[in-house]
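For ligands, and for the atoms within them, numbers begin at 1 and follow the listed sequence. Note that this is a predicted model, so its numbers are computed, not measured.
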Amino acid sequence: MSEPPAAAPEPTQAPAAAPPADGEAGPSKKGAKKAEAKAKKEAEKARKAAEREAAAAAQKAASGSAEDLAKDNYGDATPETRVDAERVTLKNIGEEHLDKTVKLRGWIQNSRMQGAKMAFIELREERAWTIQGVIAASPEGKPVSKQMVKWAGALKLESFILVEATVKKPLEPVKSCKVSNYELHITKVFCIASGPEVLGLGLNAANKPVASFEDEEPNSGAPTEAVENLTIGEGQPAASLSTHLNNPAMHKRAPVQQAIADVRMRVRKLFAQYLDSKNFVQFEAPCLIGAASEGGANVFQMPYFDTSACLAQSPQFYKQIEIAGGRKRVYCIGPVFRAENSNTPRHLTEFTGLDLEMEIEDSYTEVIDMIEGLMLHIFRGLEEQCKDEIELIRSVYPSEPFMLPAPGKEVRLTFAEGQKLLREEGPEEYRNVSDDEDMSTPQEKALGALIRKKFGTDFYVLDKFPEGARPFYTIEDPANPKVTNAYDFFMRGQEILSGGQRIHIPSLLEDRIRKKGIDPASPGIKEYVDVFKSAGVPPHGGGGIGLDRVVSWYLNLPSVHLSSYYPRTPKRLMP
Ligand code: ATP
């Protein structure tokens with residue numbers, strides 16, 4: 001039996017303030033305060049040192065006075081710490097490793113003492129890859145001693161450790177671990193970086209659906225609604241978005257967040273892959289620009305030497321300059337900034353834009369065909385290449401699989417047809433929706449539900465938007481100037497892309513700019529128009545896709561804030 005730990009000694013007395021030097025007047029009030037503060041600081045230092053000493057004495061007493069024969073097999077890692085065994089990863093561990101000595105690094109996900117001689121340590125390597133480790137004192141005191149078990153069992157959760165272990169078969173599969181058919185019999189364990197005394201966000205909670213978005217977005221309401229529909233089991237810990245984002249390391253350690261991040265990166269790759277295969281070339285658009293690219297209202301402005309600069313609201317002009325510069329098909333991936341005070345599950349102040357632009361030969365529908373093919377390639381690619389990630393995400397955020405149209409049955413409606421459908425078959429409040437006014441978000445969602453029911457797809461296109469709903473660079477339909485050759489793409493009833501044919505004839509462009517109440521000679525606009533005056537530019541069109549929305553709506557997440565790496569909103573700029 002080990003002795004109880006020695007009682008901590010009383011804190012040492014604060015050293016008295018130094019007497020005033022000869023000839024000096026007594027301490028001023030300020031001086032006395034300073035001395036008092038210094039004394040307090042030193043007393044605190046002394047108290048902490050005494051506490052450390054007491055803890056060390058207690059540990060020594062608890063471990064008994066017997067020599068620790070395993071002392072070189074555990075402890076805090078130093079730069080010299082090495083383990084000389086085969087390095088394995090949990091993904092690759094197999095029969096060939098049985099009874100072999102291996103080394104691994106990972107985080108302590110869980111640990112528990114089983115009496116004084118044995119501890120179980122669940123080790124997580126990455127994502128949800130976990131294995132059970134057993135550390136048991138050897139009768140002869142090495143390679144594992146009782147002291148070593150005690151030390152290892154007391155390591156804090158989420159500490160990063162290095163272990164040497166023999167791979168064994170457990171008596172029964174370890175259900176709580178992803179690697180359930182093997183366990184590690186630990187012979188060495190070194191703590192590379194300790195976890196904190198108390199975790200701000202435990203892994204368990206980090207891997208649960210976000211419980212509330214309210215503290216991030218007091219006025220929105222909408223994401224909370226979505227979260228209410230999720231089944232969060234009774235008594236399961238869950239945290240608010242604010243707690244998640246304020247604990248970024250733990251938020252990101254959650255397997256669900258890593259799976260979302262992997263899906264996100266896959267979408268980027270599939271986007272680029274498809275366009276590369278269609279002879280598009282990638283280019284880079286600037287973020288810092290001299291004038292608002294999409295109108296002045298929602299632009300971030302900042303001082304720029306002796307003038308001011310804006311953050312790009314889209315790469316629109318630059319895609320078109322590339323086309324003017326003789327690139328036939330271009331795309332770019334980059335940050336887009338919107339100074340919108342929109343606290344909704346759809347909006348960020350910085351998001352990632354997947355943008356493309358291409359020459360048109362005969363009709364702007366060539367662009368729609370291209371983007372439709374692109375989106376279907378992305379959706380099918382995700383289905384095939386991210387099966388595991390999607391399954392994991394659905395286990396936390398349950399959702400119906402994303403419904404794709406059968407080949408050749410893609411849904412393309414005109415805006416007017418969409419409104420008609422809403423009027424005729426939608427909810428009562430949409431009986432009188434007009435063909436000339438843009439749709440509201442609830443209207444879009446209602447139409448999405450109708451289209452799912454009628455056509456069996458979560459993905460569709462609305463074309464020929466009303467003139468008033470599109471920016472100055474959009475071409476009007478030559479057959480009906482009340483509408484434009486412009487379209488939006490939707491996923492589960494929510495817009496993910498806006499695009500259209502652009503005006504390439506400078507005189508027409510100036511006319512439409514004026515029609516929109518903008519001065520064609522205003523800064524930024526003039527330079528834009530001049531590009532079309534400076535050289536003949538072929539007809540062209542394209543679109544801008546919001547990556548955050550594609551990922552979120554594909555997975556039916558309650559908010560784009562979950563698919564963004566570092567969501568930037570009106571209320572959050574950190575971390
Ligand atoms: P919304 O009306 O939903 O605010 P928008 O019409 O302003 O969007 P566009 O300017 O057409 O959007 O941008 C193209 C795409 O970029 C959108 O379809 C969407 O996917 C994405 N997007 C636009 N604004 C945001 C935002 N604030 N946060 C996240 N994604 C956005």
From the options Met491, Arg338, His561, Arg470, select the one whose nearest heavy atom is closest to atom 9 (P) of ligand 1.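 Among Met491, Arg338, His561, Arg470, the closest heavy atom to atom 9 (P) of ligand 1 comes from Arg338.
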Option nearest atom 23 (C) of ligand 1 (shortest heavy-atom distance, choices Phe490, Phe351, Trp553, Phe337):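 Considering heavy atoms of Phe490, Phe351, Trp553, Phe337, the nearest to atom 23 (C) of ligand 1 sits in Phe351.
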Proximal ligand 1 atoms for [X], defined as those under 4.0 Å from one of its heavy atoms:
| X | value |
| --- | --- |
| Glu340 | 27 (N) |
| His347 | 1 (P), 3 (O), 4 (O), 26 (C), 27 (N), 28 (N) |
| Gly544 | 14 (C), 15 (C) |
| Leu497 | 18 (O) |

Between Asp369 and Arg412, is there a salt bridge with N-O shorter than 4.0 Å?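 Here Arg412 pairs with Asp369 in a salt bridge, since their nearest N and O are under 4.0 Å apart.
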In terms of side-chain geometry, is the basic nitrogen of Glu126 or Lys91 positioned less than 4.0 Å from the acidic oxygen of its partner?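 So Glu126 pairs with Lys91 through a salt bridge.
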Per the salt bridge (charged side-chain N to carboxylate O under 4.0 Å, His left out) rule, what does the pair list look like for residues 558-569, sequence neighbours excluded?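 Matches after skipping sequence neighbours: none remain.
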Heavy-atom pair with the smallest gap, counting every atom of Glu495 and Glu444: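 Glu495 and Glu444 have their closest heavy atoms at N-OE1, 4.1 Å.
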Does ligand 1 have an atom under 4.0 Å from some heavy atom of Leu348?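 The answer is yes: ligand 1 sits under 4.0 Å from a heavy atom of Leu348.
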Check if Asp548 has a non-hydrogen atom at a distance under 4.0 Å from any atom of ligand 1.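 Contact absent.
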Backbone N or O of Pro471 within a donor-acceptor pair of the Thr474 side chain at under 3.5 Å?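 Pair found, side chain donor or acceptor close to backbone of Pro471.
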Output field: ring centroids Tyr460/Phe455 closer than 6.0 Å: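 Ring-ring flag for Tyr460/Phe455: false, centres at least 6.0 Å apart.
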Applying side chain to side chain donor-acceptor pair (under 3.5 Å), name anything that partners Tyr487, two or more places apart in sequence or on another chain.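 If we apply the side chain to side chain donor-acceptor pair (under 3.5 Å) test to Tyr487, skipping adjacent residues, there are no hits.
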Are any of the N/O atoms in Ile496 less than 3.5 Å from those in ligand 1?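 By distance alone, the answer is yes.
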Heavy-atom contacts under 4.0 Å between Arg549 and ligand 1: side chain, backbone, both, or neither?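 The answer is the side chain.
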